[in-house]
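Notes to accompany the following structure.
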2 protein chains.
Amino acid sequence: MSRPPLARERVLDAFQAILIDDGERTATLAATAEAAGVSKGGLLYHFASRDDLVTGMLERLEALAQEDLTLMASAEEGEVAYFIRTSVMEGDDLDRALIAAARLAQAGFPTAAEMLRQVREAWAAALRPHVRDETALNLLMLVSDGLYYNNALGRVDAETGGLAGPVPTGDDMTALIELVRRATV
Amino acid sequence: MSRPPLARERVLDAFQAILIDDGERTATLAATAEAAGVSKGGLLYHFASRDDLVTGMLERLEALAQEDLTLMASAEEGEVAYFIRTSVMEGDDLDRALIAAARLAQAGFPTAAEMLRQVREAWAAALRPHVRDETALNLLMLVSDGLYYNNALGRVDAETGGLAGPVPTGDDMTALIELVRRATV
DNA sequence: GTCTATATAGCGATAGAC
DNA sequence: GTCTATCGCTATATAGAC
């Protein structure tokens, strides 16, 4: 649990950024190394293979998701409100890790798909006691999935650094959250 | 508008199938050619480049989406019910074209992401007059997106040929549809 | 319209110096 | 711990026979 080498984290950040901005095909070892400011050999000292790089990224996602579950459990506004609110993508570390993992999953990495399922299931389990029934839970999870999916297809907005997609913002989002809350809690 | 060569369609089918089953990276020209029963050279007679293959696939998606809009407009059960019901993935031609396009979009093909946005917008426009307000439309679209997203991450089920994911089925799905309908229409 | 053969380029990974 | 150099493989695409 001691802090990992700085270069290692920078490589992981770079890999994730390229995955999000340009897709799995562009996230080569050379491109990742250059973006991280190390050589290909330097990268391969920290991650013995490309699969190893993927594993490192997924482990970081798992840790971030765990943190989020803790925050959700102690949220003053209640678990459900917290979950809906944070399903709106704001470009934080967890959002970025989820989008990057989705790219890998769709590129054919089964471990990424598995991790995403696992994280989703953990969220569902945490929310289950706080919604009226299983149907409401399904609705809640699917709306959240839909928000992530649309953002995953959107481009990164150069202005805000956030992800721009055909997803409601501002007052529209507030109204949506209220509608979902009424239908599920 | 006369019917296209048979080999061309077979190549498109093969490309789509590999995209869905194994991801974008595995859908190489060689693998596609073999699955279609032609040589690499034969494939490249019909599609001058890999990008051309992608374009051909997206054009087919556009045509299938257009057909679906026509069916939706004349559905006896009403547009909204038709839309929710057919958001459940059953492995038909449109479903497969959408999943394959999603794979390409996440692999970094901007034209695929663009086409998906366009198709989604066409659906939204067709549904808008039949839901109570814009918030309801957002909810409806996001649930549909969520269903597709989960299925896109799931594996193809060897038994049914359908796509298996963490998505409600049977009675659970009927209940979900009813809940969404009540919240939107 | 379909084939084989080949050119060219880029990727992941290894070896070994520093 | 980080580098350069290089190997081996595979991918896209071209050329030209049939």
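Here is the naming used below: chain letters follow the sequence lines, and residue numbers restart at 1 for every chain.
When each of dT2(D), dT12(D), dT14(D) is scored by its nearest atom to the side-chain atoms of Arg50(B), the top-ranked nucleotide is dT12(D). Among the nucleotides dG1(D), dT2(C), dC3(D), the one closest to the side chain of Val38(A) is dC3(D). Between dT2(C), dT12(D), dA13(D), one nucleotide has an atom nearer to the side chain of Thr28(B) than all others, and that is dT12(D). The side chain of Lys40(B) has dA13(D) as its nearest neighbour among dA13(C), dT2(C), dA13(D). For His46(A), counting side-chain heavy atoms from C-beta on, the closest listed nucleotide (dT2(D), dA13(C), dT2(C)) is dT2(D).
You'll find the side chain of Thr135(A) stays beyond 4.5 Å of the side chain of Thr184(A), heavy atoms only.
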Point to revise | Audit row: Asp145(B), Asp145(A), side-chain contact (heavy atoms from CB on, under 4.5 Å) steps and yes/no | key: CA-CA 7 Å; Asp145(B) 294 338; Asp145(A) 293 340; over 6 Å; no
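Summarising the geometry, the separation between CG on Asp22(A) and C1' on dC11(C) is reported as 17 Å, rounded to the nearest angstrom. With rounding to whole Å, Phe47(A) atom CZ is found 16 Å from dT14(C) atom P. For the pair Leu53(A) CG and dC11(C) C1', the interatomic distance rounds to 14 Å; values are reported in whole Å. Spacing between atom CZ of Arg10(A) and atom P of dG1(D) amounts to 14 Å, rounded to whole angstrom units. Atom OH in Tyr45(A) sits roughly 16 Å away from atom C1' in dA15(C) (whole-Å rounding). In this structure, the CG atom of Leu44(B) is 12 Å from the P atom of dA15(D), given to the nearest Å. The CG-C1' distance, from Leu29(A) to dG12(C), rounds to 6 Å in whole Å.
Nucleic acid contact for Ser39(B): base, since at least one base atom lies under 4.0 Å from a heavy atom of the residue.
When each of Ala48(A) and Arg25(A) is assigned the nucleotide of DNA chain C with its nearest heavy atom, Arg25(A) is the one assigned upstream, toward the 5' end.
Note that the CG atom of Asp68(A) and the OH atom of Tyr82(A) stand 4.0 Å from one another [nearest 0.5 Å].
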Enumerate, atom names and distances included, each donor-acceptor pair closer than 3.5 Å involving a side-chain atom of residues 171-179 of chain A, sequence neighbours excluded.
from      : atom 1 : to        : atom 2 : distance (Å)
Thr174(A) : OG1    : Gly170(A) : O      : 3.2
Glu178(A) : OE1    : Arg181(A) : NE     : 3.4
Glu178(A) : OE2    : Arg181(A) : NH2    : 3.2

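The existence of a salt bridge linking Arg96(B) and Asp13(B) is excluded, since no basic side-chain nitrogen approaches an acidic carboxylate oxygen closer than 4.0 Å.
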